[in-house]
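Counting starts at 1 for both ligands and their atoms, following the listed order.
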Amino acid sequence: MKSGFVAIIGRPNSGKSTLLNNILGHKVSITSPKPQTTRFPVKAIYEDARGQIIFIDTPGIFAKVKDPVSQVINPQAEKTLKEEIDVIIYLVDHTRDRNIEENKILGVVRKHNKPKILAYNKIDIKSPSFLPHYKFMEEEFDKTLSISGLFKSNLNYLLDAVFEYLPKRGKIIDNSNRPTPLINMDSKKFISEIIREKAYIFLRKELPYSLTVIVDEISQRENNLMYIQARIITGAQRYKKMIIGEKGRMIKEIGMAARKELETATNNKIFLELTVEVNPHWYQEFM
Ligand SMILES: Nc1nc2c(ncn2[C@@H]2O[C@H](COP(=O)(O)OP(=O)(O)OP(=O)(O)O)[C@@H](O)[C@H]2O)c(=O)[nH]1
Ligand SMILES: [Mg+2]
(Lines give C-alpha, C1' and ligand atoms only; values in the text may rest on other atoms or scores of the structure.)
(Ligands and ions follow the chains in the order given, each with its own letter.)
Protein backbone atom coordinates (compact mmCIF):
# COMPACT_ATOMS: atom_id res chain seq x y z
CA MET A 1 0.00 0.00 0.00
CA LYS A 2 0.92 3.66 -0.22
CA SER A 3 0.60 6.53 2.22
CA GLY A 4 1.69 10.08 2.82
CA PHE A 5 1.03 13.71 3.59
CA VAL A 6 -0.62 15.84 0.93
CA ALA A 7 -0.91 19.61 1.30
CA ILE A 8 -3.61 21.55 -0.52
CA ILE A 9 -2.47 25.08 -1.13
CA GLY A 10 -3.65 28.06 -3.12
CA ARG A 11 -4.96 31.58 -2.92
CA PRO A 12 -7.72 32.44 -0.46
CA ASN A 13 -11.08 31.39 -1.87
CA SER A 14 -9.67 29.04 -4.51
CA GLY A 15 -11.78 26.20 -3.10
CA LYS A 16 -9.28 24.23 -1.00
CA SER A 17 -11.61 23.40 1.88
CA THR A 18 -14.54 22.57 -0.41
CA LEU A 19 -12.26 20.19 -2.29
CA LEU A 20 -11.12 18.43 0.87
CA ASN A 21 -14.68 18.00 2.17
CA ASN A 22 -15.82 16.57 -1.15
CA ILE A 23 -12.90 14.18 -1.48
CA LEU A 24 -13.67 12.84 1.99
CA GLY A 25 -17.45 12.95 1.62
CA HIS A 26 -17.42 14.43 5.11
CA LYS A 27 -17.31 18.04 6.23
CA VAL A 28 -14.08 18.66 8.09
CA SER A 29 -13.17 22.17 7.02
CA ILE A 30 -15.47 25.18 6.91
CA THR A 31 -16.03 27.06 3.66
CA SER A 32 -17.52 30.40 2.66
CA PRO A 33 -17.59 32.83 -0.26
CA LYS A 34 -15.30 35.16 1.71
CA PRO A 35 -11.50 34.84 1.53
CA GLN A 36 -9.47 33.70 4.55
CA THR A 37 -12.11 31.39 5.91
CA THR A 38 -9.61 28.73 6.96
CA ARG A 39 -7.40 30.02 9.76
CA PHE A 40 -5.24 27.03 10.64
CA PRO A 41 -4.16 23.87 8.81
CA VAL A 42 -6.90 21.25 8.97
CA LYS A 43 -5.69 17.67 8.85
CA ALA A 44 -7.89 14.74 7.86
CA ILE A 45 -7.54 11.12 6.74
CA TYR A 46 -8.61 9.71 3.39
CA GLU A 47 -8.36 5.99 2.82
CA ASP A 48 -9.18 3.50 0.11
CA ALA A 49 -7.83 0.16 -1.14
CA ARG A 50 -4.71 1.89 -2.47
CA GLY A 51 -3.63 3.34 0.85
CA GLN A 52 -3.90 6.27 3.25
CA ILE A 53 -3.60 9.98 2.61
CA ILE A 54 -3.29 12.59 5.33
CA PHE A 55 -4.63 15.72 3.69
CA ILE A 56 -3.70 19.14 5.02
CA ASP A 57 -6.02 21.98 4.05
CA THR A 58 -4.10 25.21 4.52
CA PRO A 59 -5.21 28.81 5.00
CA GLY A 60 -4.96 30.70 1.72
CA ILE A 61 -1.78 32.73 1.54
CA PHE A 62 -2.64 36.40 1.51
CA ALA A 63 -0.51 39.06 -0.12
CA LYS A 64 -1.17 41.81 2.42
CA VAL A 65 0.12 40.89 5.81
CA LYS A 66 -0.69 44.11 7.61
CA ASP A 67 -3.84 43.07 9.39
CA PRO A 68 -3.46 40.97 12.53
CA VAL A 69 -5.39 37.98 11.23
CA SER A 70 -3.17 37.50 8.15
CA GLN A 71 -0.12 37.98 10.31
CA VAL A 72 -1.15 34.94 12.29
CA ILE A 73 -2.47 32.74 9.49
CA ASN A 74 -0.06 33.38 6.62
CA PRO A 75 2.95 31.77 8.27
CA GLN A 76 0.82 28.72 9.09
CA ALA A 77 0.38 27.81 5.43
CA GLU A 78 4.07 28.29 4.77
CA LYS A 79 4.98 26.30 7.87
CA THR A 80 2.87 23.38 6.64
CA LEU A 81 5.04 23.18 3.58
CA LYS A 82 8.13 23.02 5.73
CA GLU A 83 6.76 19.95 7.46
CA GLU A 84 7.02 16.55 5.90
CA ILE A 85 4.92 16.73 2.76
CA ASP A 86 4.92 14.01 0.10
CA VAL A 87 2.77 15.67 -2.55
CA ILE A 88 1.54 19.23 -3.09
CA ILE A 89 -1.78 20.02 -4.71
CA TYR A 90 -1.78 23.60 -5.92
CA LEU A 91 -5.29 24.86 -6.62
CA VAL A 92 -5.76 27.66 -9.10
CA ASP A 93 -9.07 29.47 -9.41
CA HIS A 94 -9.08 30.11 -13.17
CA THR A 95 -12.01 32.54 -12.85
CA ARG A 96 -9.67 35.09 -11.28
CA ASP A 97 -6.62 36.55 -12.96
CA ARG A 98 -3.10 36.11 -11.68
CA ASN A 99 -1.94 38.64 -9.14
CA ILE A 100 0.71 39.24 -6.52
CA GLU A 101 -0.84 36.61 -4.24
CA GLU A 102 -0.52 33.95 -6.90
CA ASN A 103 3.12 34.90 -7.46
CA LYS A 104 3.80 34.65 -3.77
CA ILE A 105 2.36 31.15 -3.55
CA LEU A 106 4.18 30.03 -6.67
CA GLY A 107 7.39 31.25 -5.05
CA VAL A 108 6.69 29.13 -1.97
CA VAL A 109 5.81 26.06 -4.07
CA ARG A 110 8.90 26.41 -6.25
CA LYS A 111 11.17 25.87 -3.25
CA HIS A 112 9.78 22.35 -2.91
CA ASN A 113 11.30 19.40 -4.66
CA LYS A 114 8.39 17.06 -3.92
CA PRO A 115 5.88 15.98 -6.61
CA LYS A 116 3.46 18.79 -7.41
CA ILE A 117 0.05 18.66 -8.98
CA LEU A 118 -1.48 21.75 -10.53
CA ALA A 119 -5.27 21.63 -10.41
CA TYR A 120 -7.39 24.24 -12.16
CA ASN A 121 -10.45 24.41 -9.95
CA LYS A 122 -14.01 25.64 -10.59
CA ILE A 123 -14.06 24.36 -14.18
CA ASP A 124 -17.84 24.23 -13.88
CA ILE A 125 -17.58 28.00 -14.44
CA LYS A 126 -16.82 28.70 -18.08
CA SER A 127 -16.58 32.46 -17.97
CA PRO A 128 -14.71 34.49 -16.97
CA SER A 129 -11.62 32.32 -17.41
CA PHE A 130 -8.00 33.38 -17.19
CA LEU A 131 -6.67 29.92 -17.97
CA PRO A 132 -4.23 31.12 -20.66
CA HIS A 133 -2.53 33.31 -18.03
CA TYR A 134 -1.72 30.25 -15.93
CA LYS A 135 -0.53 27.94 -18.71
CA PHE A 136 3.11 28.90 -18.26
CA MET A 137 3.04 27.27 -14.81
CA GLU A 138 2.31 23.81 -16.14
CA GLU A 139 5.90 22.98 -17.00
CA GLU A 140 6.90 23.42 -13.36
CA PHE A 141 4.42 20.79 -12.23
CA ASP A 142 4.48 17.01 -12.54
CA LYS A 143 0.86 16.91 -13.59
CA THR A 144 -1.93 19.31 -14.51
CA LEU A 145 -5.63 18.56 -14.10
CA SER A 146 -8.92 20.43 -14.34
CA ILE A 147 -11.42 19.82 -11.58
CA SER A 148 -14.51 21.11 -9.87
CA GLY A 149 -14.25 20.57 -6.14
CA LEU A 150 -17.79 21.78 -5.63
CA PHE A 151 -19.37 19.51 -8.22
CA LYS A 152 -16.90 16.65 -7.62
CA SER A 153 -15.69 16.58 -11.22
CA ASN A 154 -12.46 14.71 -11.93
CA LEU A 155 -11.70 14.18 -8.24
CA ASN A 156 -11.02 10.53 -9.08
CA TYR A 157 -8.24 11.62 -11.47
CA LEU A 158 -6.83 13.89 -8.80
CA LEU A 159 -6.72 10.99 -6.34
CA ASP A 160 -5.15 8.72 -8.97
CA ALA A 161 -2.42 11.30 -9.46
CA VAL A 162 -1.83 11.65 -5.72
CA PHE A 163 -1.49 7.89 -5.27
CA GLU A 164 0.84 7.71 -8.23
CA TYR A 165 3.31 9.99 -6.46
CA LEU A 166 2.95 8.72 -2.88
CA PRO A 167 5.69 6.48 -1.53
CA LYS A 168 5.07 2.81 -0.74
CA ARG A 169 4.50 2.80 2.99
CA GLY A 170 2.11 1.41 5.61
CA LYS A 171 -0.61 3.39 7.39
CA ILE A 172 0.60 6.53 9.11
CA ILE A 173 -2.37 6.80 11.47
CA ASP A 174 -4.46 4.01 12.91
CA ASN A 175 -7.98 5.17 12.16
CA SER A 176 -9.90 2.08 13.25
CA ASN A 177 -11.53 3.80 16.23
CA ARG A 178 -11.88 7.33 14.91
CA PRO A 179 -15.37 8.81 14.77
CA THR A 180 -14.35 11.35 12.07
CA PRO A 181 -11.55 11.67 9.55
CA LEU A 182 -10.41 14.82 11.36
CA ILE A 183 -7.05 14.61 13.05
CA ASN A 184 -6.33 17.94 14.70
CA MET A 185 -9.71 19.16 16.00
CA ASP A 186 -11.68 18.06 19.04
CA SER A 187 -15.46 18.52 19.20
CA LYS A 188 -15.24 21.93 20.89
CA LYS A 189 -13.00 23.25 18.16
CA PHE A 190 -15.12 21.70 15.41
CA ILE A 191 -18.34 23.22 16.78
CA SER A 192 -16.69 26.63 17.11
CA GLU A 193 -15.66 26.35 13.46
CA ILE A 194 -19.23 25.60 12.36
CA ILE A 195 -20.43 28.69 14.25
CA ARG A 196 -17.63 30.78 12.73
CA GLU A 197 -18.65 29.55 9.28
CA LYS A 198 -22.20 30.78 9.80
CA ALA A 199 -20.88 34.12 11.02
CA TYR A 200 -18.83 34.36 7.80
CA ILE A 201 -21.88 33.59 5.73
CA PHE A 202 -24.34 35.96 7.41
CA LEU A 203 -22.24 38.93 8.44
CA ARG A 204 -21.25 41.81 6.23
CA LYS A 205 -17.90 41.98 4.52
CA GLU A 206 -15.21 42.95 7.00
CA LEU A 207 -16.84 41.71 10.15
CA PRO A 208 -15.81 38.04 10.09
CA TYR A 209 -12.17 39.06 10.26
CA SER A 210 -12.81 40.72 13.57
CA LEU A 211 -14.12 37.75 15.47
CA THR A 212 -13.45 34.32 16.80
CA VAL A 213 -15.63 31.67 18.45
CA ILE A 214 -14.95 29.77 21.65
CA VAL A 215 -17.04 26.81 22.82
CA ASP A 216 -17.03 26.60 26.62
CA GLU A 217 -19.31 23.68 27.28
CA ILE A 218 -20.83 20.69 25.57
CA SER A 219 -22.98 18.47 27.72
CA GLN A 220 -25.37 15.65 27.04
CA ARG A 221 -28.74 16.26 28.68
CA GLU A 222 -31.80 14.01 28.92
CA ASN A 223 -33.86 13.00 25.85
CA ASN A 224 -31.03 13.15 23.35
CA LEU A 225 -30.55 16.85 24.02
CA MET A 226 -27.08 18.27 23.68
CA TYR A 227 -26.37 21.58 25.41
CA ILE A 228 -23.70 23.78 23.87
CA GLN A 229 -22.49 27.06 25.27
CA ALA A 230 -20.41 29.26 22.99
CA ARG A 231 -19.13 32.82 22.75
CA ILE A 232 -18.42 34.96 19.74
CA ILE A 233 -15.54 37.23 20.68
CA THR A 234 -14.95 40.43 18.78
CA GLY A 235 -12.63 43.42 18.97
CA ALA A 236 -14.98 46.36 19.45
CA GLN A 237 -18.34 47.34 20.88
CA ARG A 238 -19.61 48.46 17.47
CA TYR A 239 -18.87 45.00 16.03
CA LYS A 240 -20.71 43.41 18.90
CA LYS A 241 -23.76 45.47 18.00
CA MET A 242 -23.59 44.36 14.40
CA ILE A 243 -23.16 40.70 15.32
CA ILE A 244 -26.17 40.85 17.60
CA GLY A 245 -28.13 42.78 14.99
CA GLU A 246 -31.36 44.67 15.27
CA LYS A 247 -33.54 43.07 17.95
CA GLY A 248 -31.01 40.22 18.12
CA ARG A 249 -31.89 39.04 14.64
CA MET A 250 -28.36 38.46 13.38
CA ILE A 251 -27.12 36.38 16.28
CA LYS A 252 -30.32 34.39 16.12
CA GLU A 253 -29.80 33.63 12.45
CA ILE A 254 -26.17 32.58 13.00
CA GLY A 255 -27.17 30.41 15.96
CA MET A 256 -30.05 28.79 14.13
CA ALA A 257 -27.97 27.87 11.08
CA ALA A 258 -25.21 26.45 13.28
CA ARG A 259 -27.70 24.50 15.38
CA LYS A 260 -29.35 22.96 12.32
CA GLU A 261 -26.07 21.79 10.88
CA LEU A 262 -24.90 20.40 14.20
CA GLU A 263 -28.19 18.59 14.71
CA THR A 264 -27.81 16.87 11.35
CA ALA A 265 -24.17 16.05 12.02
CA THR A 266 -24.72 14.62 15.51
CA ASN A 267 -28.26 13.31 15.20
CA ASN A 268 -29.04 15.03 18.51
CA LYS A 269 -31.40 17.82 19.46
CA ILE A 270 -29.22 20.79 20.25
CA PHE A 271 -29.66 23.73 22.55
CA LEU A 272 -27.10 26.34 21.56
CA GLU A 273 -26.50 29.22 23.90
CA LEU A 274 -24.60 31.83 21.96
CA THR A 275 -23.38 35.11 23.42
CA VAL A 276 -21.20 37.95 22.13
CA GLU A 277 -18.28 39.42 24.02
CA VAL A 278 -15.84 42.26 23.39
CA ASN A 279 -12.12 41.70 23.79
CA PRO A 280 -9.82 44.08 21.88
CA HIS A 281 -6.94 41.59 22.14
CA TRP A 282 -8.88 38.58 20.91
CA TYR A 283 -6.45 37.69 18.16
CA GLN A 284 -3.52 37.60 20.57
CA GLU A 285 -5.39 35.51 23.08
CA PHE A 286 -7.43 33.18 20.95
CA MET A 287 -5.73 32.66 17.59
N1 LIG B 1 -18.36 27.22 -8.87
C2 LIG B 1 -17.51 26.68 -8.00
N3 LIG B 1 -17.35 27.23 -6.78
C4 LIG B 1 -16.49 26.65 -5.92
C5 LIG B 1 -15.76 25.47 -6.25
N6 LIG B 1 -14.99 25.15 -5.19
C7 LIG B 1 -15.24 26.07 -4.23
N8 LIG B 1 -16.14 26.97 -4.67
C9 LIG B 1 -16.67 28.14 -3.93
O10 LIG B 1 -15.59 29.03 -3.66
C11 LIG B 1 -15.75 29.65 -2.38
C12 LIG B 1 -14.53 29.43 -1.53
O13 LIG B 1 -14.42 28.07 -1.20
P14 LIG B 1 -13.51 27.55 0.00
O15 LIG B 1 -13.48 26.07 -0.10
O16 LIG B 1 -13.95 28.16 1.28
O17 LIG B 1 -12.10 28.18 -0.44
P18 LIG B 1 -10.70 28.11 0.32
O19 LIG B 1 -9.64 28.01 -0.73
O20 LIG B 1 -10.71 27.04 1.34
O21 LIG B 1 -10.63 29.55 0.99
P22 LIG B 1 -9.76 30.07 2.29
O23 LIG B 1 -9.98 29.11 3.40
O24 LIG B 1 -10.34 31.39 2.56
O25 LIG B 1 -8.35 30.14 1.82
C26 LIG B 1 -17.03 29.05 -1.78
O27 LIG B 1 -18.09 29.93 -2.04
C28 LIG B 1 -17.18 27.75 -2.56
O29 LIG B 1 -18.52 27.30 -2.66
C30 LIG B 1 -15.95 24.90 -7.55
O31 LIG B 1 -15.39 23.89 -7.94
N32 LIG B 1 -16.83 25.55 -8.38
MG1 LIG C 1 -10.40 27.14 3.35
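The proximity of S14 to ligand 1, defined as any non-hydrogen pair under 4.0 Å, involves the side chain as well as the backbone. Heavy atoms of L91 found under 4.0 angstrom from ligand 1: none, in either backbone or side chain. Of the heavy atoms in S29, none comes closer than 4.0 Å to ligand 1.
For ligand 1, the polar-atom distance check finds no N/O of I30 at less than 3.5 Å from any of the ligand's N/O atoms. Taking only nitrogen or oxygen atoms, main chain and side chain alike, T58 does not reach within less than 3.5 Å of ligand 1. Between T31 and ligand 1, no N or O atom pair is found at a separation short of 3.5 Å. Among the atoms of I147, none of the N or O lies under 3.5 angstrom from an N or O of ligand 1. For ligand 1, the polar-atom distance check finds an N/O of G60 within less than 3.5 Å of one of the ligand's N/O atoms. Checked against a 3.5 angstrom limit, the closest N/O atoms of D57 and ligand 1 fall outside it. Residue G149 has at least one N or O atom closer than 3.5 Å to an N or O atom of ligand 1.
With hydrogens left out, the protein atom closest to atom 6 (N) of ligand 1 is N121 ND2, 3.5 Å, a heavy atom. For atom 9 (C) of ligand 1, the closest heavy atom belonging to the protein is K122 NZ, 4.0 Å. Remark: minimum distance from atom 25 (O) of ligand 1 to any protein heavy atom is reached at K16 NZ, 2.9 Å. If you check which protein heavy atom lies closest to atom 12 (C) of ligand 1, you get N13 OD1, 3.0 Å. Atom 27 (O) of ligand 1 has P33 CA, 3.4 Å as its closest protein atom, hydrogens excluded (heavy atom only). Among protein heavy atoms, the minimum distance from atom 14 (P) of ligand 1 is reached at T18 OG1, 3.5 Å. Among protein heavy atoms, atom 17 (O) of ligand 1 sits closest to G15 N, 3.1 Å. Closest protein heavy atom to atom 26 (C) of ligand 1: S32 O, 3.5 Å.
A heavy-atom separation below 4.0 Å is not found between G10 and ligand 1.
Taking both residues in full, the closest heavy atoms of I123 and K126 are given as O-NZ, 2.8 Å, listed atom of the first, atom of the second, then distance. Across all non-hydrogen atoms, the minimal contact from K198 to A258 is CG-N, 3.6 Å. Residue D57 comes nearest to S29 through the heavy atom pair OD2-OG, 2.6 Å, listed as atom of the first residue, atom of the second, then distance.
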_Check against side chain to side chain contact (heavy atoms under 4.5 Å, CB included), I9 and L91_ = CA-CA 6 Å; I9 77 157; L91 274 199; over 6 Å; no
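Using a cutoff of 4.0 Å between basic side-chain nitrogens and carboxylate oxygens, K260 and E263 are not scored as salt-bridged.
The residue from V6, D86, I173 that alone fulfils the side-chain contact (heavy atoms from CB on, under 4.5 Å) condition with I54 is I173. Only one option out of V92, L118, I117 pairs with T144 in a side-chain contact (heavy atoms from CB on, under 4.5 Å); it is L118. Just one residue in the list H112, E140, R11, E102 forms a side-chain hydrogen bond (donor to acceptor under 3.5 Å, both in side chains) with Y90, and that residue is E102.
If you check the side chains of Y227 and E217, you find no donor sitting under 3.5 Å from an acceptor. Side-chain polar atoms of K152 and N156 form no donor-acceptor pair below 3.5 angstrom. No side-chain N or O of N121 forms a donor-acceptor pair with one of H94 less than 3.5 Å apart. Between the side chains of N268 and Q220, a donor-acceptor pair is found at a separation under 3.5 Å. For S14 and D93, the side-chain atoms include no donor-acceptor pair closer than 3.5 Å.
Within the listing of ligand 1, atoms 24 (O) sit less than 4.0 angstrom from a heavy atom of P35. Atom numbering of ligand 1 starts at 1 in the shown order; those under 4.0 Å from a heavy atom of I125 are 1 (N).
Shown here are the side chain to side chain contact (heavy atoms under 4.5 Å, CB included) partners of T37, two or more places apart in sequence or in another chain: I30, S32, Y200.
For E84, the CD atom is loosely surrounded, since the number of other residues' heavy atoms within 6.0 Å does not exceed 12.
The tally of protein N/O/S atoms under 2.8 Å from the Mg ion (ligand 2) stands at 2.
Closest heavy-atom approach to atom 3 (N) of ligand 1 among the candidates T38, L150, D124: L150.
Residues L211 and Y239 are not in side-chain contact: their nearest non-hydrogen atoms beyond the backbone lie 4.5 Å or more apart.
At least one donor-acceptor pair under 3.5 Å links the side chain of S3 to the backbone N or O of G170.
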